[in-house]
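A quick write-up on the structure given underneath.
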There are 2 protein chains.
Amino acid sequence: MKAETPTDSAAEDRIFAALASPVRRQVLQLLRERQPQPVTELAAHFAIARPSFSEHLRVLREAGLVGEHRVGRQRLYRLQAESLAEVQQWLHPFERFWRDRLTRLGEVLERLDDES
Amino acid sequence: MKAETPTDSAAEDRIFAALASPVRRQVLQLLRERQPQPVTELAAHFAIARPSFSEHLRVLREAGLVGEHRVGRQRLYRLQAESLAEVQQWLHPFERFWRDRLTRLGEVLERLDDES
DNA sequence: TCCATAGGTAGGAAATTTCCGACGTATAGT
DNA sequence: ACTATACGTCGGAAATTTCCTACCTATGGA
């Protein structure tokens with residue numbers, strides 16, 4: 001049992017802010033495909049300088065989206081998917097708005113209205 | 001059939017960038033609770049000036065997250081949930097990382113490693 | 001011990017975002 | 001026609017983010 005607000009608002013902010021960068025989203029995708037990966041290997045996919053990349057990793061770390069794991073002189077990064085689960089939880093109450101047939105119908109009717 | 005890249009990268013960027021602001025996320029939540037809502041009513045929940053709020057609405061609109069609907073001198077906003085569905089689609093390949101028992105086990109083992 | 005490698009921090013320029021007050025536009029009511 | 005209401009755009013200040021070039025630290029190998 002942790003001492004956390006039901007949905008820690010600051011943590012949520014940091015997660016969504018982290019996902020706002022295409023570079024950081026792609027890092028997560030790269031880690032999805034091969035699990036622990038050193039910084040150099042990840043950085044090879046991007047045309048930005050290393051300190052900039054380090055900064056991106058820091059943002060991902062502080063959002064709890066990745067974990068670090070030192071081995072020798074490398075730092076292996078891996079996904080920390082619990083933080084992404086929080087995004088899904090945030091998303092969940094919206095699901096019915098794109099799954100409901102009735103909602104769809106409502107949208108179509110409104111769109112007809114708009115076009116007049 | 002639309003002329004869109006499988007996942008239009010620019011659209012994805014705009015959606016995630018829009019979600020990065022707590023104000024904008026809350027607007028979506030407000031719209032979830034009551035569907036078409038005029039600007040004044042939405043703005044009443046925030047301590048920012050109206051032009052700033054208008055700007056937030058613009059970002060949401062350009063991300064396709066909300067739709068506008070003029071009625072009289074009001075502009076009614078409603079959710080456009082398809083854009084949120086795109087977020088869920090992006091999220092989907094990550095799901096196994098927090099659902100898999102085996103992944104969980106792997107994480108536990110790695111964590112024991114980290115603590116040494 | 002000495003050097004190379006892995007990756008971070010420091011400091012700062014440039015771009016972007018956030019926010020504001022002032023002002024413009026359109027519709028509704030009188 | 002005149003006024004009030006509902007929102008938007010404009011122009012700019014302040015904060016934040018992104019990216020860079022140095023430079024620092026730690027580990028591994030000769």
Side-chain angles (χ1 to χ4, degrees), chain A residues 9-28 30-31 34-63 65-78 113-114 116, chain B residues 9-28 30-31 34-78 80 113-114 116:
Chain A
S9 182
E12 193 185 274
D13 281 7
R14 257 175 280 131
I15 292 169
F16 277 101
L19 294 179
S21 154
V23 170
R24 292 191 292 259
R25 285 200 306 279
Q26 204 187 329
V27 168
L28 296 179
L30 289 167
L31 289 176
R34 193 146 35 82
Q35 249 308 325
Q37 235 176 122
V39 177
T40 316
E41 213 163 317
L42 290 167
H45 296 84
F46 304 92
I48 64 182
R50 304 295 295 280
S52 308
F53 193 68
S54 269
E55 174 69 12
H56 283 301
L57 290 178
R58 204 182 59 95
V59 173
L60 286 169
R61 249 185 285 123
E62 290 179 355
L65 285 162
V66 300
E68 202 196 9
H69 177 197
R70 294 161 128 105
V71 169
R73 50 186 168 183
Q74 307 197 113
R75 302 184 191 198
L76 302 180
Y77 277 82
R78 59 191 156 74
D113 247 26
D114 286 348
S116 64
Chain B
S9 183
E12 193 184 273
D13 281 6
R14 258 174 279 131
I15 291 170
F16 276 101
L19 293 179
S21 153
V23 170
R24 292 190 292 259
R25 285 199 307 280
Q26 204 188 327
V27 168
L28 296 179
L30 289 168
L31 288 176
R34 192 145 37 82
Q35 249 308 326
Q37 233 176 123
V39 176
T40 316
E41 212 164 319
L42 290 167
H45 296 83
F46 303 93
I48 64 183
R50 305 296 295 279
S52 309
F53 192 69
S54 268
E55 174 69 11
H56 283 301
L57 289 178
R58 205 182 59 95
V59 172
L60 286 169
R61 246 184 287 123
E62 289 179 355
L65 285 163
V66 299
E68 202 195 8
H69 177 196
R70 295 162 127 105
V71 168
R73 50 186 166 183
Q74 307 196 112
R75 300 184 191 198
L76 301 180
Y77 278 81
R78 59 191 157 73
Q80 213 125 56
D113 248 25
D114 286 348
S116 64

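Each chain gets a letter, A, B and so on, in the order its sequence line appears, and its residues count up from 1. Computed over heavy atoms, backbone and side chain alike; hydrogens, waters and symmetry mates excluded.
Listed candidates were D:dG8, D:dT21, C:dC19. Nearest to the side chain of B:Ser52 is C:dC19. Of all nucleotides listed (D:dC7, C:dC19, C:dG7), C:dC19 comes nearest to the side chain of B:Ile48. The B:Arg73 side chain lies nearest to D:dA4 when the options are D:dA4, D:dC20, D:dT18. Nearest nucleotide to the side chain of A:Arg24, out of D:dT18, C:dG21, C:dG8: D:dT18. Nearest to the side chain of B:Thr40, among D:dA6, C:dT18, C:dC20, sits D:dA6. Set against D:dG8, D:dT9, C:dG7, the side chain of B:Leu57 has D:dG8 as its closest nucleotide.
For B:Arg24 (side chain) and B:Val59 (main-chain N/O), no donor-acceptor pair under 3.5 Å exists by modelled atom type.
Toward the 5' end of DNA chain D, the nearer of the two residues A:Ala47 and A:Ala17, judged by each one's closest nucleotide, is A:Ala17. Take the nearest nucleotide of DNA chain C for A:Gln74 and for A:Arg58: the residue whose nucleotide is more 5' is A:Gln74. Taking for each of A:Gly72 and B:Glu41 the nucleotide of DNA chain D with the nearest heavy atom, the 5'-most of the two is the partner of B:Glu41.
Using a 4.0 Å cut-off between charged nitrogen and carboxylate oxygen, A:Arg75 and A:Glu68 count as a salt-bridge pair.
Between the CD atom of A:Glu55 and the C1' atom of C:dG11 there is a distance of 13 Å, given to the nearest Å. Rounded to whole angstrom, the span from the CG atom of B:Leu60 across to the P atom of C:dT18 amounts to 11 Å. In this entry the distance linking CZ of B:Arg50 with C1' of C:dT25 reads 15 Å, nearest Å. One interatomic measurement links the two molecules: CG of A:Asp13 to P of D:dT16, which rounds to 13 Å at whole-angstrom precision. Between B:Leu42 atom CG and D:dC7 atom P there is a gap of 9 Å when expressed in whole angstrom units. Rounded to whole Å, atom C1' of D:dT18 lies 14 Å from atom CZ of A:Phe46. Rounded to whole Å, atom P of C:dT17 lies 14 Å from atom CG of B:Leu19. To the nearest angstrom, P of C:dG8 lies 6 Å from CD of A:Glu68.
Side-chain N/O atoms of A:His56 include none lying less than 4.0 angstrom from OP1 or OP2 on D:dT17. Between A:Tyr77 and C:dG8, a side-chain N or O to OP1/OP2 separation shorter than 4.0 Å is present.
Across all strands, A:Pro51 comes closer than 4.0 Å to base atoms (heavy-atom distances).
Looking at every heavy atom in both residues, B:Leu76 comes nearest to B:Pro38 through CD2-N, 3.6 Å.
Residue B:Leu31 holds its CG atom at 10.5 Å from CZ of B:Arg78, rounded to the nearest 0.5 Å. Atom CZ of residue B:Arg50 and atom CD of residue B:Glu55 lie 14.5 Å apart, to the nearest 0.5 angstrom.
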